[in-house]
Amino acid sequence: MSEREIFEATFAEAKPKRKEPKQISFRVSESEFEKLKRSAETFQMSVPAFVKSKAQGSKLVTPKIDRPGAVEIAKQLRAIGNNVNQMARATNAAELDPNSAVNLTAELQNVQKELNQIWQQLN
């Protein structure tokens, strides 16, 4: 066996097994790359993933809320959930007089309205 055959046999086995084995590459100008980068960041994607999606004809929808905004909304929703759980525990732990029950029902309805408003903003 020649050195070349040994070399090819050695490195033929060392090829990484990829889910998508074919690669396409092309060059873009600095300004084109910056535009692609900004677009990819808008969709919270990498530049290659963004370009691949666009090349495949995917219709990308711009998120209404950026990542820090989404994190803040999640934090607020957790706080609301904690408050609702506390109200449920208090309700289950003791019998409420009729006035307290009416007030609690009104508060829960307010929470539901606020959650619906948040949901509408996210859609």
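Note that the numbering runs from 1 along the sequence shown for the chain. In this text, all values refer to a predicted model and were calculated from it rather than measured experimentally.
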Exercise for the section: Starting at CG of Leu104, measure out to CD of Gln109 and round the result to the nearest 0.5 Å. Expected result: 10.0 Å
Fill in the blank from the handout: Here the gap from Arg78 atom CZ to Lys75 atom NZ, rounded to the nearest 0.5 Å, amounts to 8.5 Å
Exercise for the section: Taking Ser53 for its side chain and Ala49 for its backbone only, find out whether a donor-acceptor pair lies under 3.5 Å. Expected result: yes
Practice task
Examine distances only and state if a side-chain atom of Glu32 and a backbone atom of Ser29 form a donor-acceptor pair shorter than 3.5 Å.
Solution key: yes
Practice task
Would you sort out whether Lys59 and Lys54 count as a side chain to side chain contact (heavy atoms under 4.5 Å, CB included), showing the intermediate values?
Solution key: CA-CA 7 Å; Lys59 185 174 183 179; Lys54 293 303 278 185; over 6 Å; no
Practice task
State, yes or no, whether a side-chain contact exists between Arg89 and Asn85 at a heavy-atom distance under 4.5 Å.
Solution key: yes
Practice task
Compare all side-chain heavy atoms of Ile80 with those of Leu115 and state whether any distance is below 4.5 angstrom.
Solution key: yes
Handout entry: Residues, nucleotides or ligands: over 12 heavy atoms within 6.0 Å of Glu41 CD
Key = yes
Problem - Val71 with Leu77, same ILVMFWY side-chain cluster at under 4.5 Å - result: no
Exercise for the section: May I ask whether Met45 and Val28 are part of the same hydrophobic cluster, defined by side-chain heavy atoms of I, L, V, M, F, W, Y residues being less than 4.5 angstrom apart, directly or through others? Expected result: yes
Handout entry: Under the ring pair (Phe, Tyr, Trp, His ring centres under 6.0 Å) test, residues paired with Phe43 that sit two or more places apart
Key = Phe50
Exercise for the section: Look at Lys37 together with Glu30 and state whether they make a salt bridge at an N to O cut-off of under 4.0 Å. Expected result: no
